[in-house]
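Here is the structure we will look at, set down as structure tokens.
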Amino acid sequence: MININRRGFLKTGIAGAAGIVALSPSIVSAATTDQHSDIISRTLGKTGMKIPVISFGVMRADNPNLCKAAYEKGIKLFDTANGYQNGNNEIMLGNLLKDYPRSSFYLATKVKPAGVDKEGKPTDQTTAEDFLAKFNTSLSRLKMDYVDILYIHDIRNPEMLAYKPIINAVKNLKKEGKVKFIGFSTHANEPLVIDAAAAMDTWDVILTSYNFKQTYINELNSAIKKANQAGIGIVAMKTMAGGGFLDKEKTKPINSAAALKWVLSNPDITTTIPGMTDFDQLDLNIKILSDISITEQEKKDLFIASAEKGLYCTGCTICLNACTMNLPVPDLMRAYMYAYGYSNPSMAYSLLSELGTNDNPCKECSSCKVECTKKFDIKEKIADISRLVNVPADFLT
Amino acid sequence: MNNKILIAFSLIILSGSVIAQDIHMPDLKGYKKYNNYPVFLPANLWDFINGAADTYLSYGFVDLHVVEYKKGKDVIKLEIYKHTDNTMAFGIYSTERSPSFRFLNLGSQGYITDGAINFFKGNYYVKIRTYSKNANTLKSTESLSVKVANMLSGGSEMPSALSMFPESGKKINEETYINESVLGHKFLNQAFKATYEAGTDIFSVFIMQKNSSEEARKSVGDYLTSAGAEPVDSEIGRYMLKDGYNGTIFLAWKDNRIVIISGLSKDQSDVADSYTTEILK
């Protein structure tokens, strides 16, 4: 069969073991309703949209065939954003979905208002004009007349929920039919923001961070419950706690199926949007579409993972007010991470030199008042990394 | 000295890494500089760019420095993303590049679009943005981009691997680098990709340069196995295979180099043959 020296390509005519034979869009749409009867779907609040519990966070996908396979296996909601891959993500999705019946899938995109400051408050640059221009660009890239859900991207301050120029703009888009339902995404201060939104009649959907490692999960659950009771549909993201691994070296993978099932154990969550970049991930997630029961082993995996602190300081800066020596604790934690996380002590040395801290900055302090939100032993880590300043720089090159 | 640091020190010597330094953001005439942001790391990049962070992380993101320049109501935001190496910096840059942008001779390559200037140089990917329509502010944005490009270390060349792509039919400024899961397959990674147009056909060519011929054979073997074929223990070969997800694939390899062509039909093996021959010669 094989003659590798001859010019020309040898043929293997067998479809991939894990593969499916590609079907044309029209054949697929006719087949999907019957093929996926075991899929667990939930209703997205007052929108009435019935959505499978697993949706597709398209943000990293660069292969339309992956989205196509997801569609063919029963995933209905595809989630992208104006900013993902600088628009290339929407273009890829638009080129694919234009060939499918519009009623056979749901499409969500996100637009981030310009000029929102660090506290999440609008500024003079936060205009409806800019927001609408971005949305129209998205619609054009997606080759659609409308999107099912438009999220205002990244609301972290309740003040933004009532910011008329943007709110009126999205309401008008809904009236014009360019948007079926309006919502927002939130990645910080989620309980506060969701709680405030639940008391308003503006919102149809909220896309929120939600995972087993969140330290404020009780507050978040309460806010979600309240929003749900107000008819707002809840979609979960960041379900892998910000990545598929617990460490930078990628030696400690999160049990992704367990993490997703944990999210779906909350009946107030309608669907999740895990990011997928390969067919193995897709197949794993497809299994969850029809089985969200969490096994004892999965519970154990999550318990172990939730106890993992990792090396990374999240930069919350709460420690800055607590440290009586006014030390730049987040920067020192960064130096620690450079040395031990990246195995790059010279990078840590460079940072310590810039900070100007000595070899034992906690020396004058008898007891540490800093309570790290990540439960780091701050004093121990500072003492450890600070000794690096005594190492001659040449020795580290 | 602390044992852990000694171990880390040994690792750095072995890996040949260079000293990294914190970035000193340049001044901009007439503007006040505000360093109100923390240095973002892999753990908190999400706090700054939300869901887009995953893509940056997949391209070896190291850290991000952000500074704002303000003059009256006008704001220019500068973001300097550091990645593990030049290929990764090109990779993330290329995922956000569109051939429709106006390209600039800035760093290795840059472009300007709608108040934003993005470029990459060395290990860095730089994004500069203003929402102002003021012509002077836009001009300041351009002068800032030049300052930053001059300030950053690293060469200004494009990744040398791009020169392996044949020029005939290649779509300009559409080359990318895919670090993980090429064509959606977990076992295929680290490929440069170019898009070609021949008549009405549009197809993609992927080139993977592995560290050794053994490594190349392993990747080829994994792909053939997934397509239901026997893996081949040879340093050279050409196959046309039916990928259950991606359709007809032309796969060729020689020594440590692999070429994959996707988007051509099975009766276009002569086209695939000419491209793979040129790349593997």
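Order of the sequence lines fixes the chain letters, A, B, ..., with proteins taken first and strands second; residue numbering starts at 1 for each chain.
For the pair B/D54 and A/R60, the salt-bridge criterion is not met [side-chain N within less than 4.0 Å of a carboxylate O].
Atoms OG1 and CG, on B/T55 and A/D62 in that order, are 9.0 Å from each other to the nearest 0.5 Å. In this structure, OG1 on B/T113 lies 7.5 Å from CG on A/N86, to the nearest 0.5 angstrom. Here CZ of B/F187 is found 8.0 Å from CG of A/D280. Values are rounded to the nearest 0.5 Å. Atoms CG and NZ, on A/D130 and B/K133 in that order, are 7.0 Å from each other to the nearest 0.5 Å. Rounding to the nearest 0.5 Å gives a distance of 10.5 Å between NZ of B/K73 and CD of A/Q125.
The aromatic rings of B/H185 and A/F279 are tilted relative to each other, their planes meeting at an angle between 30° and 60°.
Heavy atoms of B/F101 lying under 4.5 Å from chain A belong exclusively to its side chain. For chain B, no part of A/K110 is nearby; none of its heavy atoms comes within less than 4.5 Å. Heavy atoms closer than 4.5 Å to chain A are found nowhere in B/L45, neither backbone nor side chain. Proximity to chain B involves both the backbone and the side chain of A/A114, based on heavy atoms less than 4.5 angstrom apart. With a threshold of 4.5 angstrom between heavy atoms, B/F48 approaches chain A through N, CA, C or O but not through any side-chain atom.
For the set B/S94, B/S181, B/A116, B/A53, the count of heavy-atom pairs under 4.5 angstrom toward chain A peaks at B/S181. Heavy-atom pairs under 4.5 Å with chain A peak, among B/N36, B/N246, B/D114, at B/N246. Looking only at heavy-atom pairs under 4.5 Å with chain B, the residue among A/T127, A/D331, A/T277, A/I91 that has the most is A/T277.
The side chain to side chain contact (heavy atoms under 4.5 Å, CB included) check on B/S153 picks up B/Y124, with sequence neighbours excluded.
Under the 3.5 Å distance criterion, the side-chain polar atoms of A/R156 are matched with a main-chain donor or acceptor of B/D47. Side-chain atoms of A/N88 come within 3.5 Å of backbone N or O of B/R97 as a donor-acceptor pair.
For the residue pair B/A52 and A/Y84, the shortest heavy atom distance occurs at N-CE2, 3.6 Å.
Residues B/Y131 and A/T123 are not in side-chain contact: their nearest non-hydrogen atoms beyond the backbone lie 4.5 Å or more apart.
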